[in-house]
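Report on one structure; see the data block that follows.
Keep in mind that the numbers below use all heavy atoms, side chains included, and drop hydrogens, waters and symmetry copies. We number each residue from 1, following the sequence as shown.
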Amino acid sequence: MRPDTPAAHLAEAERLLRTAEQYPGDREPLLLQAAAHLELADDRPGATALYDDLLSGSPADPHLIRALKASNLWEYGHEAEARAIIEGLRRSRPTEAPPWEIAAETLEAHDELEAAEATLTEAAALLAAPGDAELPHATHSLLITRHRIRRMLARPHDDWDTRADRLHQGKVPLDELHDPKRLWSLGSSDPTELRAEIARLRSELGTYRTALSRPFPVAVLHWPERELTELLAAYPELETEYPTYRAHLTDIEASLRELAAAGTPNLGIVRATVPSYEAFAASEATHPSQAALLPQYATTLAARSRATPWPPLRTTACWCGSERTYGECHGGAQPESSTHR
């Protein structure tokens, strides 16, 4: 369960910082999560200090860190510095969607709708060229965010808005979901209207916001065939979880599709190894044969930035490690779901 009080967020940030000391190779994602918890605890100067710590080295994703820092700074009175960081990001033209979207949402949160729309349009021109057959899911989110802001500005649809409509999977159409007039219904005293608006907001949360800036991924374990053979030889009690390697692969795809259909964002796959699993079991003072340990192991790997986003593009390699593309392999026909996870 995620923490929901300032004290709990501070405790979680401290735990993540201790974990970063134990796993220096995973320091960057762990410190980013710690900074997110500090923001939720309203310790914004502490979060800024973590962002500065990361930027003082050679981070893997400096654009993302700068965007998060700008968002945080603006929230506690450092508007000029936040604006300067956002302008610097726009000039640097990141090749990934999250920094652009975080910067635009920061501008939007402070009623800078024109600047937010301009930022997302620059990003769309860079990341969503008309000839691209497929787009990463982070870019989907960026186009949907742009659609929403343009709807608030009463801009007519353009090609990117049409593409956002086509990518949208929710039951409520984007034009209705992003209709500014629906905000008036929040002041209604009619329970039916309020319930309808709550349903729309839930749909928006499930399809638009994929927690790019504060990822808590839902990850599923993937044991490569050799690792699974070794695992079951050492701990045959786990055969009920993994009756065969083929069933294991089918269950992974089926589980992820079920979660996606339920609106769960930010899905991923983490690759498991027996030595890593045994070390994790030892750290938890639990025997590796305990099946209840498996989801905790998956969550820990995901928190250490070991998750691979799912689904991959249909034209890229399948997550299972075969030599086929995802579209030719597990991204093809809907797999039969089973009870195993």
Side-chain angles (χ1 to χ4, degrees), residues 28-29 32 59-68 89-90 92-105 116-117 119-150 158-170 174 204-220 222 252-253 256-257 259-271 302 305-322 324-332:
E28 183 171 330
L32 285 177
D61 200 344
H63 297 308
L64 175 65
I65 297 169
R66 291 190 181 97
L68 292 170
L89 276 172
R90 292 175 67 174
S92 63
R93 297 173 61 81
T95 57
E96 299 292 336
W100 289 100
E101 187 164 12
I102 293 166
E105 287 178 343
E117 193 273 343
T119 299
L120 291 170
T121 298
E122 290 175 20
L126 180 66
L127 304 176
D132 293 342
E134 287 192 87
L135 295 175
H137 284 263
T139 308
H140 292 188
S141 177
L142 185 146
L143 292 181
I144 290 172
T145 298
R146 181 179 179 273
H147 181 289
R148 176 173 54 77
I149 292 174
R150 286 172 59 80
D158 61 10
D159 289 343
W160 283 308
D161 290 326
T162 302
R163 196 167 189 180
D165 283 328
R166 190 168 65 249
L167 293 169
H168 177 62
Q169 299 296 317
L174 279 187
E204 181 174 9
L205 287 172
T207 57
Y208 146 68
R209 182 76 172 171
T210 56
L212 291 169
S213 61
R214 311 291 191 269
F216 292 91
V218 176
V220 176
H222 169 217
I252 291 172
E253 184 71 22
L256 289 167
R257 291 193 187 195
L259 289 167
T264 306
N266 226 24
L267 299 172
I269 297 174
V270 287
R271 181 162 294 190
S305 196
R306 300 297 176 86
T308 300
W310 181 94
L313 297 178
R314 293 179 60 82
T315 54
T316 59
C318 186
W319 55 261
C320 71
S322 69
R324 294 181 291 171
T325 65
Y326 177 62
E328 296 169 335
C329 193
H330 285 90

Can you find a heavy atom in the side chain of His137 that is under 4.5 Å from one in the side chain of Trp310?
no

At what distance, to the nearest 0.5 angstrom, does CD1 of Ile269 lie from SG of Cys320?
9.0 Å

Rounded to the nearest 0.5 Å, what's the gap from NE2 on His330 to CD1 on Ile252? Could you check?
7.5 Å

State, yes or no, whether a side-chain contact exists between Asp158 and Thr121 at a heavy-atom distance under 4.5 Å.
no

Is there side-chain contact between Leu126 and Arg93, with at least one heavy-atom pair below 4.5 Å?
yes

From Arg148, His147, Arg150, residue fulfilling side-chain hydrogen bond (donor to acceptor under 3.5 Å, both in side chains) relative to Asp161:
Arg150

Side chains of Trp100 and Arg146: does their closest heavy-atom pair fall under 4.5 Å?
no

Verify side chain to side chain contact (heavy atoms under 4.5 Å, CB included) between Asp61 and Glu96, making sure each step is shown before the conclusion.
CA-CA 10 Å; Asp61 200 344; Glu96 299 292 336; 5.6 Å; no

Rounded at 0.5 Å granularity, tell me how far CD in Glu105 sits from OG1 in Thr145.
5.0 Å

Is the backbone N or O of Leu89 less than 3.5 Å from a side-chain atom of Arg66, with the two atoms forming a donor-acceptor pair by type?
no

Are Thr308 and His222 side-chain neighbours, meaning at least one heavy-atom pair lies under 4.5 Å?
no

Which heavy-atom pair separates Arg324 from Glu328 by the least distance, and what is that distance?
NH1-O, 3.5 Å

Which atom names give the shortest non-hydrogen contact between Leu256 and Leu267, and what distance separates them?
O-CD1, 3.5 Å

Flag side-chain contact, heavy atom, 4.5 Å: Thr95 against His63:
no

Taken to the nearest 0.5 Å, the spacing of Leu167 CG from Leu135 CG works out to 6.5 Å

How many angstroms lie between atom CD1 of Ile144 and atom CD of Glu101, to the nearest 0.5 angstrom?
9.0 Å

Does any N or O in the side chain of Trp160 come within less than 3.5 Å of the main-chain N or O of Ala128, such that one atom is a donor and the other an acceptor?
yes

